[in-house]
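Every value quoted in this text rests on a predicted model; they were computed, and no experiment measured them.
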Amino acid sequence: MKILVTGATGFIGSHVINELLKYDHQIIIAVRNKNSVKHLQDKIKVIEFDLDNLQSNKNYFSESGKPDLLIHLAWQGLPNYKEKFHLEKNLPSHSAFLKNIVSNGLQNLVVTGTCFEYGMKEGCLSEEMESDPQNPYALAKDKLRKFLEELQKQNSFNLKWVRLFYMYGKGQNPNSLFSQLETALQKGDKVFNMSGGEQLRDYLPIETVAEYIVKIALQNKINGIINCCSGVPVKVKTLVENYLKKNNKKINLNPGYYPYADYEAMAFWGDDKKLKKILTNE
């Protein structure tokens with residue numbers, strides 16, 4: 001199978017590529033600058049194009065080698081969830097690119113969404129729930145999904161919308177919780193400032209997220225919205241304590257230093273029933 005991946009140099013993308021390399025498929029990645037992936041060019045095919053500067057007269061399906069599957073991980077400007085560019089810039093460019101490649105022949109499309117599409121709902125979140133995005137990033141993703149669902153009425157293609165929950169691991173944004181914790185540990189700080197830590201979240205290590213994305217992408221029994229999650233709620237403070245214990249590290253936690261984020265509910269996690277069916281090949 002010929003698989004095209006966008007966003008391959010990002011946090012999630014780099015791990016998805018590592019996972020795909022375990023399979024016997026031809027991998028193509030689309031990047032702005034080939035020089036950024038010199039270390040990969042002996043293993044995969046690399047093509048250049050810029051989502052911010054699309055050309056309407058180009059056939060991106062043909063230009064990318066007529067892939068059998070596109071795993072679309074690209075999205076600019078994260079983790080600035082509240083910025084309007086998600087709606088004003090990202091949404092139009094991603095919509096145009098995906099419409100172009102689908103209209104020209106792509107049959108299988110996988111796009112990553114976000115648990116923020118559920119809005120401020122609490123508890124176990126299932127794919128059947130109505131979306132209610134409350135920040136520009138989530139709103140842009142939700143609009144993109146709805147656009148693609150409308151596009152399916154005109155073009156026959158399989159769509160898997162992978163709703164990502166929380167994740168941690170190598171290569172994560174330096175402002176993320178675990179990146180800040182690692183920095184504090186490396187610096188030898190005695191105290192780690194954090195939020196109250198009482199919020200319930202759904203976390204997975206990035207290697208597991210990448211494994212799940214690939215398994216979702218390589219099957220066609222289950223399509224539509226699919227939560228990529230653990231299905232198990234855990235307190236953020238407990239998660240941090242377990243991380244320190246597992247890595248045999250010590251630092252005094254200072255919960256309550258930062259306020260809770262106003263763009264997410266206090267307690268939510270994913271319903272993983274659909275995901276489990278994929279993983280167990282039911």
Side-chain angles (χ1 to χ4, degrees), residues 1-10 12-14 16-17 19-34 36-37 40-41 43-76 89-114 127 140-164 210 212-226 228 274 278:
M1 186 186 296
K2 192 181 293 186
I3 303 172
L4 172 65
V5 182
T6 65
T9 59
I12 299 172
S14 58
V16 167
I17 293 300
E19 186 66 24
L20 282 171
L21 287 171
K22 298 175 183 178
Y23 294 80
D24 186 22
H25 296 298
Q26 181 183 350
I27 305 168
I28 308 160
I29 63 172
V31 296
R32 291 182 182 180
N33 186 340
K34 285 185 177 182
S36 65
V37 288
L40 290 173
Q41 291 185 26
K43 300 177 182 177
I44 59 180
K45 182 179 179 181
V46 182
I47 60 173
E48 283 185 335
F49 73 78
D50 186 354
L51 272 167
D52 291 329
N53 294 288
L54 296 175
Q55 298 179 40
S56 59
N57 62 332
K58 282 195 172 183
N59 178 333
Y60 287 101
F61 180 62
S62 294
E63 293 226 348
S64 56
K66 296 185 177 181
D68 302 296
L69 165 68
L70 165 58
I71 303 177
H72 187 62
L73 306 172
W75 196 269
Q76 304 92 308
K89 190 174 182 181
N90 288 357
L91 177 60
S93 63
H94 287 252
S95 297
F97 167 67
L98 294 175
K99 181 179 180 180
N100 180 297
I101 200 164
V102 163
S103 299
N104 283 299
L106 182 76
Q107 294 295 301
N108 294 287
L109 174 61
V110 176
V111 184
T112 46
T114 170
E127 294 92 340
K141 283 287 189 176
D142 191 56
K143 285 180 177 290
L144 179 61
R145 175 183 60 82
K146 290 175 178 176
F147 169 78
L148 293 171
E149 289 172 348
E150 285 297 313
L151 195 59
Q152 282 185 297
K153 297 175 183 178
Q154 305 165 24
N155 300 271
S156 178
F157 66 98
N158 294 315
L159 172 63
K160 300 176 191 72
W161 185 266
V162 184
R163 277 200 181 135
L164 301 173
Y212 289 175
I213 290 173
V214 170
K215 286 184 176 177
I216 289 168
L218 295 180
Q219 59 82 44
N220 272 324
K221 287 183 179 179
I222 297 178
N223 294 301
I225 302 168
I226 301 164
C228 184
K274 288 179 77 172
I278 293 169

D142 meets the side chain to side chain donor-acceptor pair (under 3.5 Å) criterion, sequence neighbours left out, with S131, R145, K146
For A217, the side-chain contact (heavy atoms from CB on, under 4.5 Å) test, sequence neighbours excluded, returns L69, I71, V110
Under 3.5 Å donor-acceptor, K274 side chain and I225 backbone: yes
Write down the atom of D52, the atom of S93, and the distance for their closest heavy-atom approach. OD1-OG, 4.5 Å
Any side-chain heavy-atom pair of I213 and L164 under 4.5 Å: yes
Name all residues meeting the side-chain contact (heavy atoms from CB on, under 4.5 Å) criterion together with A140; count only those two or more places apart in sequence or in a different chain, and write none if there are none. W75, H86, L87, L91
Sorted by chain and number, sequence neighbours left out, salt bridge (charged side-chain N to carboxylate O under 4.0 Å, His left out) with E48 holds for none
What residues, two or more places apart in sequence or in another chain, satisfy side chain to side chain donor-acceptor pair (under 3.5 Å) together with E150? K153
Contacts of D68 that satisfy salt bridge (charged side-chain N to carboxylate O under 4.0 Å, His left out) - sequence neighbours left out: none
Enumerate the residue pairs fulfilling salt bridge (charged side-chain N to carboxylate O under 4.0 Å, His left out) with a member in residues 21-30, sequence neighbours excluded, ordered by first and then second residue. E19-K22
Shortest non-hydrogen contact from K160 to I216? CD-O, 3.2 Å
Set of ring-ring contact (aromatic ring centres under 6.0 Å, His included) partners for F157, sequence neighbours left out: none
Please check: side-chain N/O of N90 versus main-chain N/O of Q76, any donor-acceptor pairing under 3.5 Å? yes
Taking every non-hydrogen atom, the tightest pair across I29 and A8: CG2-CB, 3.6 Å
Going by side-chain contact (heavy atoms from CB on, under 4.5 Å), name the residues that satisfy it together with Q154, two or more places apart in sequence or in a different chain. L151
Kindly say whether Q55 contributes a backbone atom to a donor-acceptor pair with the side chain of Y60 at under 3.5 angstrom? yes
Taken in chain and number order and not counting sequence neighbours, the residues that satisfy side chain to side chain donor-acceptor pair (under 3.5 Å) with K89 are none
Name all residues meeting the side-chain contact (heavy atoms from CB on, under 4.5 Å) criterion together with T9; count only those two or more places apart in sequence or in a different chain, and write none if there are none. V31, S36, V37
Sequence neighbours excluded, which residues qualify as side chain to side chain donor-acceptor pair (under 3.5 Å) partners of N100? N104
